[in-house]
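Note on naming: letters A, B, ... go to the chains in the order of the sequence lines (proteins, then strands), and numbering restarts at 1 for each one. Just so it is clear, the model here is predicted, and its values are computed rather than measured.
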Amino acid sequence: MVQAKSIVTRFAPSPTGFLHIGGARTALFNWLYARRHGGTFRLRIEDTDRQRSTNEAIEALIEGLTWLELGWDGEIVYQFARAQRHAEVAHTLLKQGLAYHCYATAEELEAMREAQKAAGKPVRYDGRWRDRPASDARPNVPPVVRIKAPQTGETVIADKVQGEVRFDNDVLDDFVLLRSDGTPTYMLSVVVDDFDMGITHVIRGDDHLTNAARQRQIIDSMGWPQPVYAHLPLLHGEDGAKLSKRHGALGIHEYEALGYLPEAMRNYLLRLGWSHGDDEVIATEQAIAWFDLEHIGRSPARIDLKKLDNLNGHYLRAADNERLADLLCALRRKKGQHVPGGQQRDLLVRAMNGLKERAKTMVELNDNSSFLFAPRPLSLDEKAAKILSPAARALLAKLAAALAATPWDAAALEAAVRAFAETEGVKLGDAAQPLRAALTGKGTSPPIFDVMAVLGREECLARIADQDGIR
RNA sequence: GCGCCCAUCGUCUAGCGGUCUAGGACGUCGCCCUUUCACGGCGAAAACAGGGGUUCGAGUCCCCUUGGGCGCGCCA
């Protein structure tokens, strides 16, 4: 056993768009792995593409991670700020003869690729400047720096998910390290940053698997240690198609607006590609204790919002009532709806047990709880209107009279209504449903006697009077 | 085109040569509970892509086919 080294992982998104669900999963896995081993989880913004990187995207990224509660350690590293150091490494390689100047123009390379394609040959840089003497340098063409990659043998990536992946070196070309303007490419920057940041485990999307081979060549040229790799299978949309803006690839933060809880999202994301036997509901603390690289699946997965709904319902029922009230108020504020405060908020908290039991999302919870502080007279939904037939209204009027003398708690109210139904010769539901419709304006609600207790005598009697057909 | 990766119910997955007449979860469909809706309980339908090997024995190992995905930029 070698000396136990502290684990360092990183999440390294490029700020060219929002953080989608695939990126969020990558972040989660890195975070989990670091936490599992008491290591460090770093955040690095790969903003070397100056054209496409935006501050809005950086903010969205941070907002997304913050919502998911995936806190990173230390300062955020901005890759572009380290360009100087990256170039330095390229120059070191140049000096050692492990990289070289290439004066080929974009047009020449384009022509080269066209010719290769036409001839049915693999498309890759043909090494035309690899062995040319410095005297061939074109005075008016700023050169790029290319790595002098091995042309024989193979480059092997020992991947924790995919196993041992081998690439013949003759299919890997001499890729660009430094652009003609002297700025580093992604391939170089990643390697240098990972080394400088002491990254021990690179957990990222499968789309980087072939890059890993190229990156390994840089690492080997520099004589640096290899990180452990784990390339995660990509995520697909519900229809099996690639995740894209058109295919329901929402920014992770938008799931908040859809009414999901971050802990539910974490649990859902965790099970997308990772398993622990038959366990499904895995709280974050448990996930930290269990997470490993060995049980990451190798095949791509589709997202399934139905399962997220189910999980969300689970976490919703387990959530603290005060917290849910806060979340609900925030949601209503964002939607421009009336925000309950003071007594109304108390009402909400007291009703929460019954409410959260029957909601899968915060949006649903909001819809189901709005009757609590809706202005009188309540507007009736379709089902409620149907329930409140003239006969039902008449019954309601009698019931109201019977209720006037009842102590206002759920048990006493239930007993009173049951007794009422019996003397009237109707089923309990015949009395309870009109009651529900009058009190909530809906056909469904939490147990009606609980609702009555929460709403209070005065409000209940008033709402019944609004509907009892007596003008 | 070249290279790489993947392949168990509709979906997420368990399975690491025999205990698989393939297990769990979501979803779907019944039934029960019940003042509505949920929750919960019980039950049902539902999968090893195809073909060759290896082996006494294959969902599990190898090969091919098919089907998906990713990569092949002076993008990341």
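In this structure, B:A58 makes no Watson-Crick or G-U wobble pair, since no nucleotide meets both defining distances under 3.5 angstrom. With both pairing distances under 3.5 Å, B:A49 is matched to B:U65 as a Watson-Crick or G-U wobble pair. B:G1 is paired with B:C72 under the criterion used here, namely a Watson-Crick or G-U wobble arrangement in which both key atom distances are under 3.5 Å. Across all strands shown, B:U21 has no partner, as no Watson-Crick or G-U wobble contact with both distances under 3.5 Å is found. Nucleotide B:A14 is matched to nothing when pairs are restricted to Watson-Crick or G-U wobble geometry with both distances under 3.5 angstrom. Base pairing of B:G43: its partner is B:C29, meeting the Watson-Crick or G-U wobble criterion (both donor-acceptor distances under 3.5 Å).
Checked options A:L28, A:I303, A:L305; the residue passing with A:Y268 is A:I303 (criterion: side chain to side chain contact (heavy atoms under 4.5 Å, CB included)). Between A:L355 and the options A:N321, A:L372, A:D450, A:L328, a side chain to side chain contact (heavy atoms under 4.5 Å, CB included) holds for only A:L372. Under the side chain to side chain contact (heavy atoms under 4.5 Å, CB included) rule, A:H231 has a single partner from A:I296, A:D206, A:T210, which is A:D206.
Looking at A:N169 and A:T152, their side chains never bring a donor and an acceptor atom within 3.5 Å of each other.
Rounding to whole angstrom units, OH of residue A:Y103 and P of B:C74 are separated by 17 Å. Following rounding to the nearest Å, A:D173 (CG) and B:G1 (P) show an atom-to-atom distance of 20 Å. Atoms CZ (A:F167) and P (B:C2) sit 17 Å apart, rounded to a whole Å. Between the CZ atom of A:R271 and the P atom of B:A25 there is a distance of 12 Å, rounded to whole Å. Straight-line distance from the CG atom of A:L234 to the P atom of B:G68: 16 Å, rounded to whole Å. The CZ atom of A:R204 sits 12 Å away from the C1' atom of B:G71 (whole-angstrom rounding). What separates CG of A:D174 from P of B:C72 is a distance of 16 Å, to the nearest Å. Between A:L435 atom CG and B:U35 atom P the separation is 14 Å, expressed in whole Å.
The side-chain heavy atoms of A:L395 and A:F420, taken from C-beta on, include a pair separated by under 4.5 Å. A:F175 places none of its side-chain heavy atoms less than 4.5 Å from the side chain of A:Y125. Annotation: side chain of A:L380 is in contact with side chain of A:Q467 (closest heavy-atom distance under 4.5 Å).
For A:R124 and B:C2, the shortest distance from a side-chain N or O to OP1 or OP2 is not below 4.0 Å. Residue A:T185 places no side-chain N or O under 4.0 Å from the OP1 or OP2 atom of B:C74. For the pair A:T210 and B:G3, the criterion of a side-chain N or O lying under 4.0 Å from OP1 or OP2 is not met. OP1 or OP2 of B:C74 sits under 4.0 Å from a side-chain N or O of A:R113.
Listed by chain and number, the residues in a side-chain contact (heavy atoms from CB on, under 4.5 Å) with A:A60 amount to none (sequence neighbours excluded). Looking at residues two or more places apart in sequence or on another chain, you find a salt bridge (charged side-chain N to carboxylate O under 4.0 Å, His left out) between A:R463 and A:E459.
Identified under the ring pair (Phe, Tyr, Trp, His ring centres under 6.0 Å) test for residues 428-456 of chain A, with sequence neighbours left out: none.
Distance check on atom P: B:G59 versus B:U21 gives 9 Å, rounded to whole Å. Between the C1' atoms of B:G71 and B:A76, the separation comes to 13 Å (whole Å). As rounded to the nearest Å, B:U54 and B:A47 have C1' atoms that lie 25 Å from one another. The gap from the C1' atom of B:C56 to that of B:C48 amounts to 22 Å, rounded to the nearest Å. Taking the P atoms as reference points, B:G18 lies 31 Å from B:C4, given to the whole Å.
Picking from B:U35, B:G69, B:U13 the nucleotide with the shortest atom distance to the side chain of A:H236 gives B:G69. With B:C5, B:G23, B:C12 as the choices, the nucleotide that has an atom nearest any side-chain atom of A:L209 turns out to be B:C5. Picking from B:U35, B:C26, B:C6 the nucleotide with the shortest atom distance to the side chain of A:R298 gives B:C6. Distance from the side chain of A:R317 is smallest for B:G40 among the nucleotides B:G40, B:U35, B:C5. The A:V171 side chain lies nearest to B:G3 when the options are B:G24, B:G27, B:G3. Side-chain proximity of A:H208 to the nucleotides B:C5, B:A76, B:G10 is greatest for B:A76. Considering only the side chain of A:D206, B:C5 comes nearest among B:C5, B:U36, B:C12. Counting only heavy atoms from C-beta on, A:V144 has its side chain closest to B:C74 among B:C74, B:U13, B:C6. Out of B:U11, B:C12, B:U35, the shortest distance to the side chain of A:D304 is found at B:U11. The side chain of A:R358 approaches B:U36 more closely than any other nucleotide in the set B:A14, B:U36, B:G10.
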Please write out each protein N/O paired with an N/O of nucleotides 47-51 of chain B under 3.5 Å, distance rounded to 0.1 Å.
none

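Judged by distance alone with a 3.5 Å cut-off, no donor-acceptor contact links the side chain of A:K360 to the base of B:A38. At a cut-off of 3.5 angstrom, the base of B:C26 holds no donor-acceptor pair with the side chain of A:K306.
Below 30°, between 30° and 60°, or above 60°: for A:H276 and A:W290 the angle between ring planes is below 30°, a parallel geometry.
The pair A:D174-A:K148 fails the salt-bridge criterion, with no side-chain N (NZ, NE, NH1 or NH2) lying under 4.0 Å from an Asp/Glu carboxylate O.
Residue A:P300 is classed as a sugar-phosphate contact, given heavy-atom separations below 4.0 Å to backbone atoms only. Contacts of A:V165 with the nucleic acid, taken as non-hydrogen atoms under 4.0 Å apart, involve only primed sugar atoms and P, OP1 or OP2. Across all strands, A:P13 comes closer than 4.0 Å to no nucleic acid atom at all (heavy-atom distances). Contacts of A:A104 with the nucleic acid, taken as non-hydrogen atoms under 4.0 Å apart, include base atoms. Here A:Y268 lies out of heavy-atom contact (under 4.0 Å) with every strand. If you check every strand for non-hydrogen atoms under 4.0 Å, A:E280 touches a base.
Mapping A:D207 and A:P142 onto RNA chain B by nearest heavy atom places A:D207 at the nucleotide closer to the 5' end. When the nearest nucleotides of RNA chain B are assigned to A:W274 and A:D168 by heavy-atom distance, the more 5′-ward of the two goes with A:D168.
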Side-chain donor-acceptor contacts of residues 112-123 of chain A below 3.5 Å, not counting sequence neighbours, with atom names and distances?
unit_1	atom_1	unit_2	atom_2	d
A:Q116	OE1	A:R124	N	3.1
A:Q116	NE2	A:R124	O	2.8

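Within a 6.0 Å radius of CD in A:E422, no more than 12 heavy atoms belonging to other residues, nucleotides or ligands are found.
Residues of residues 211-219 of chain A that place a heavy atom closer than 4.0 Å to RNA chain B, in numerical order, are A:N211, A:R214.
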